[in-house]
Amino acid sequence: MPERTIAVAMSGGVDSSVVAGMLHRRGERVIGLTMQLWNQRRLPELAPDGPTGRCCSLEDVYDARHVAQHLGIPYYVVNFEQRFEAQVVKPFIEEYLAGRTPIPCTLCNNFIKFDQFLEMAEGVGADRIATGHYARIDWNPDSGRWKCAAARIAARTRLISYSG
């Protein structure tokens, strides 16, 4: 049986770093992947001073790379800046200017992070993915499909298997 590979969505945060470490310690073949979503050098005059606590920062990419180097696992950053702007930023601005209250994270999660992450994982030869998000995966016999449910124990991470 060929060795299986797990692609870990490494955001640079603690949760995804711990998942990568746990899987590596368990002896799994792990590859770290980070999506570069925004050009941090673009519009520097609008950048706030000091730490911001926002996601997708350049510091997050550095942190994820550092963790991958420490673990000794392959690590790749994939540039999705144009796709992020077209599918998340522009629709957000259009909705906001139309007087609505958009939630950009829902667009990003649906059309960038999870959809594109599966393609990235497959592109590096992974047959499984893992994130720092805590969830429970259950089979629904009525629909004949897998469903994502709330975790029973927040400290337990499940892997999502897929076949391409």
Side-chain angles (χ1 to χ4, degrees), residues 5-97 101-135 148 150-151 153-160 162:
T5 301
I6 302 171
V8 178
M10 296 185 70
S11 66
V14 172
D15 295 343
S16 61
S17 297
V18 169
V19 168
M22 288 170 55
L23 293 170
H24 180 68
R25 179 182 289 175
R26 199 167 77 184
E28 301 284 354
R29 183 168 184 260
V30 177
I31 296 175
L33 297 175
T34 296
M35 293 186 190
Q36 176 65 42
L37 300 176
W38 188 254
N39 180 350
Q40 304 298 318
R41 293 176 183 91
R42 183 176 172 193
L43 305 173
E45 66 277 9
L46 298 179
D49 292 329
T52 63
R54 70 184 190 283
C55 74
C56 314
S57 72
L58 194 55
E59 291 81 14
D60 292 336
V61 175
Y62 292 142
D63 289 345
R65 180 180 309 280
H66 177 76
V67 169
Q69 286 175 339
H70 178 76
L71 295 173
I73 63 172
Y75 175 75
Y76 303 97
V77 177
V78 182
N79 187 322
F80 280 119
E81 291 174 16
Q82 289 180 342
R83 182 173 285 170
F84 181 74
E85 182 155 350
Q87 294 182 319
V88 177
V89 175
K90 285 185 179 178
F92 171 82
I93 292 169
E94 291 166 3
E95 289 294 302
Y96 187 79
L97 292 175
T101 308
I103 304 172
C105 296
T106 58
L107 293 173
C108 186
N109 286 340
N110 286 328
F111 301 113
I112 306 290
K113 288 188 178 176
F114 296 111
D115 181 47
Q116 296 305 308
F117 183 70
L118 289 173
E119 287 184 25
M120 284 179 21
E122 190 174 55
V124 296
D127 56 297
R128 295 181 290 167
I129 67 169
T131 72
H133 298 275
Y134 307 115
C148 187
I153 301 170
R156 185 178 186 106
T157 301
R158 302 287 304 263
L159 300 178
I160 300 172
Y162 75 96

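Every heavy atom of this structure was used, including side-chain atoms; hydrogens, water molecules and symmetry mates were not.
- Applying the side chain to side chain contact (heavy atoms under 4.5 Å, CB included) rule to Pro74 yields the partners Ile31, Tyr76; only residues at least two apart in sequence or on another chain are considered.
- The side chain to side chain contact (heavy atoms under 4.5 Å, CB included) test applied to Val18 returns Val14, Met22, not counting sequence neighbours.
- The minimum heavy-atom distance linking Gly13 with Ser17 is given by the pair O-OG, 2.8 Å.
- In this structure the side chain of Tyr62 never reaches within 4.5 angstrom of the side chain of Thr34, judged on heavy atoms.
- With sequence neighbours left out, the salt bridge (charged side-chain N to carboxylate O under 4.0 Å, His left out) criterion links Glu94 to no other residue.
- With sequence neighbours left out, Leu107 forms a side chain to side chain contact (heavy atoms under 4.5 Å, CB included) with Val88, Pro91, Phe111.
- Phe117 and Val8 make their closest contact through CZ-C, 3.8 Å (heavy atoms, listed as atom of the first residue, atom of the second, distance).
- The environment of CG in Leu97 is crowded: more than 12 heavy-atom neighbours from other residues, nucleotides or ligands sit within 6.0 Å.
- Contact record, Gly12 with Asp63: O-CB, 3.6 Å, taken as the closest heavy-atom pair.
- Under the side chain to side chain contact (heavy atoms under 4.5 Å, CB included) criterion, Val78 pairs with Phe80, Met120, sequence neighbours left out.
- Of the residues Arg25, His66, His24, the one that meets the side-chain contact (heavy atoms from CB on, under 4.5 Å) test with Leu71 is His24.
- Listed here is the closest heavy atom pair of Ile6 and Ala126: C-CB, 4.4 Å.
- Evaluated for a side-chain contact (heavy atoms from CB on, under 4.5 Å) with Met10, the options Val67, Thr131, Leu33 yield exactly one hit, Val67.
- Here the shortest heavy-atom pairing between Ile103 and Thr106 reads O-OG1, 2.7 Å.
- Contacts of Glu95 classified as side-chain hydrogen bond (donor to acceptor under 3.5 Å, both in side chains), with partners at least two apart in sequence or in another chain: Arg100.
- Separation of atoms CG (Leu37) and CD (Gln116) is listed at 10.5 Å; rounding is to 0.5 Å.
- Of all non-hydrogen atoms in Ala20 and Ile73, the two that sit nearest each other are CB-CD1, 4.5 Å.
- In terms of the side-chain hydrogen bond (donor to acceptor under 3.5 Å, both in side chains) criterion, residue partners of Thr5 (sequence neighbours excluded) are, by chain and number, Arg29.
- In this structure, Gln87 has no side-chain hydrogen bond (donor to acceptor under 3.5 Å, both in side chains) partners at least two apart in sequence or on a different chain.
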